[in-house]
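The next block holds one structure in the form of structure tokens; read it before the comments.
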Amino acid sequence: MAQQVINVQNLTVRFQSYDAIKNASFTVNDGDFINIIGPNGGGKTTLIKSLIGLTPHSEGQIIIDPLFENKIGYLPQKGFNNDSSFPATVEEVLFTGVLQSKKASRFITKSDKNHIDQLLQKMEVFHLKKRLISSLSGGQQQRIFIIRALVSNPRILVLDEPTSALDPDFRKSFYQLLKKINLVENMTIINVTHDLDDEFKKGSKILHIDQTIRFFGTYEEFRAKGKDVHRHV
Amino acid sequence: MFEMFEYQFFVYAIIAGLAIGITTALLSNFLVLKSQALIGDGLAHVSFAGIIIGMAFIDEPIYIAIPIVIIAAILIKIMMNSKMIRGDAAIGIVSSLSLAIGFIIISVGSGYNRSIEGLLVGSILTVDIIDIVFSILLLLGTILFMGLSYQRLFSITYDYEYAKFTKINVKKYDIILSIFTAVTIVLGVQSVGILLISSLIIFPAISANQIARSFKEAVMIAVVINVFVIFFGLVGSHLLNIPSGSAIVVFHGIVFLITILIKTLRNH
């Protein structure tokens with residue numbers, strides 16, 4: 001049986017008097033690929049922000065295996081600064097991902113730089129290293145932000161609508177990349193998505209949330225229950 | 001032509017001006033790119049009240065003004081972070097209240113007229129050795145802080161929420177940056193005046209961002225621009241017999257236009 005890495009029990013996240021998430025319980029196992037679906041305002045982003053500690057929860061608990069606690073990579077919904085005059089290079093942006101794994105040291109080392117170079121080469125974007133990030137296309141930027149999420153060698157990857165700004169072709173290759181990371185490197189992936197294409201969801205788990213958890217199980221079970229994915233995203 | 005450098009007051013002005021200029025340039029990108037450029041303007045108004053209050057009690061008003069402005073800077077930060085009110089409104093509230101308090105003290109006190117002019121347009125040619133010592137200490141402190149925290153400050157400036165996710169204590173760095181800004185503004189108000197100090201924070205970043213090819217380069221270009229503009233602004237103002245603060249800002253305006261031109265030519 002796969003190792004349990006995250007255990008969420010009776011989670012409630014309240015903003016003033018509004019419950020964005022109500023009494024949610026589920027577990028994430030090592031190597032899971034979980035697609036979180038649900039309507040706008042249904043609590044998808046709030047849920048993952050609670051998981052990674054950015055949004056405090058009001059009730060319940062989130063238990064993360066200590067071995068995985070500092071091994072989470074995160075790709076935010078708007079993972080990039082939209083200010084086109086911000087003079088940051090790809091390499092400088094990737095340095096911000098390295099900081100996650102640093103406790104005492106404040107500096108970027110030669111081995112950090114080598115690690116970044118390797119990832120840039122692996123993702124076939126090494127030539128963009130010195131370019132201003134604002135000069136890249138949406139697809140290229142997203143590729144850089146996934147590298148930023150991977151640069152601290154995470155065991156769990158949390159993504160918030162990573163493909164929302166991408167064209168369909170790139171979307172497909174992006175999901176192929178995620179599947180590869182999931183299968184080859186056995187990385188647990190938690191992905192908030194609006195994507196409707198069933199092809200991407202095969203073999204994954206579906207967590208359907210609309211304030212409360214409406215469904216949690218495999219995609220195949222979800223389909224078997226007659227739930228129409230398209231109606232719920 | 002260069003006899004001005006034989007005058008002690010002029011050399012003092014150059015030293016204090018450059019020390020303040022390098023400090024504001026170092027802070028510049030971190031404030032402007034976080035849309036907090038106006039915090040300099042707001043804190044300059046608080047400095048006005050702080051210095052006026054200081055003058056009522058002691059000979060060196062900055063001893064009273066610095067803690068007052070630091071408290072105001074932290075208050076603005078707390079208001080911004082609590083999301084009670086918008087950031088620009090928080091700056092507006094603190095700065096207009098400070099100006100009001102400053103003017104009330106002036107109206108009930110006496111002998112402020114000369115000092116007020118100095119505070120408004122600057123009196124860099126009257127800086128004394130204490131101002132210079134403070135300015136250099138501030139510069140060294142800022143270099144140390146930036147040197148140790150550069151990567152974290154960059155992360156906070158570029159993507160605040162991601163910085164929080166990576167467990168950077170964003171509030172702590174926000175507060176430290178505010179304190180450095182506050183002290184810089186108080187010392188800057190003495191040299192270039194309330195009306196012009198924010199230009200020393202805003203212009204270097206805005207000009208540097210037009211031509212920089214990385215954030216690190218932007219920080220370095222900002223420093224070079226401020227050093228160049230302050231030095232030639234002071235020399236020019238002496239030669240042309242115009243107010244030093246105004247000369248510095250006009251020079252900054254010219255440099256900004258040049259950087260826009262360079263950017264335009266580069267893009268074609």
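Throughout, a chain's letter reflects where its sequence line sits, starting with A, and its residues are numbered from 1. Heavy atoms only: backbone and side chains are in, while hydrogens, waters and symmetry mates are out. Remember, it's a predicted structure, so these values are computed and weren't measured experimentally.
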Per-residue contact mode, F165(B) against chain A (heavy atom under 4.5 angstrom): both

Tell me, for L132(A) versus chain B, whether the close heavy atoms (under 4.5 Å) come from the side chain, the backbone, both or neither. side chain

Do the rings of Y158(B) and F86(A) sit parallel, tilted or perpendicular, given the 30° and 60° boundaries? perpendicular

Tell me if the aromatic rings of F95(A) and F154(B) count as close, with their centers under 6.0 Å from one another. no

Shortest non-hydrogen separation from Y162(B) to G97(A) and the atoms involved: OH-CA, 3.9 Å

What residues of residues 207-217 of chain B sit under 4.5 Å from chain A when you count only heavy atoms? N209(B), A212(B), R213(B), S214(B), F215(B), K216(B)

Using non-hydrogen atoms and a 4.5 Å limit, figure out which bit of Y160(B) sits close to chain A: side chain, backbone, both or neither. neither

Which portion of I168(B) sits near chain A, non-hydrogen atoms under 4.5 angstrom: side chain

Has K205(A) got more than 12 heavy atoms of other residues, nucleotides or ligands less than 6.0 Å from its NZ? yes

Worked verdict on R148(A) versus T166(B) for side chain to side chain contact (heavy atoms under 4.5 Å, CB included): CA-CA 11 Å; R148(A) 181 175 72 166; T166(B) 58; over 6 Å; no

Starting at CD of Q151(B), measure out to CD of E92(A) and round the result to the nearest 0.5 Å. 8.0 Å

List for me each residue that meets ring-ring contact (aromatic ring centres under 6.0 Å, His included) alongside Y175(A), sequence neighbours excluded, and say none if there are none. F200(A)

Non-neighbouring partners of E91(A) that pass salt bridge (charged side-chain N to carboxylate O under 4.0 Å, His left out), sequence neighbours left out: K129(A), K130(A)

In terms of heavy-atom contacts, L54(A) and K164(B) come closest through CD2-CB, 3.6 Å

Cut-off 4.5 Å, heavy atoms of chain B, and the answer for V93(A) is both

With a 4.5 Å heavy-atom cut-off (strictly below), which parts of residues 245-268 of chain B touch chain A? List them by number. none

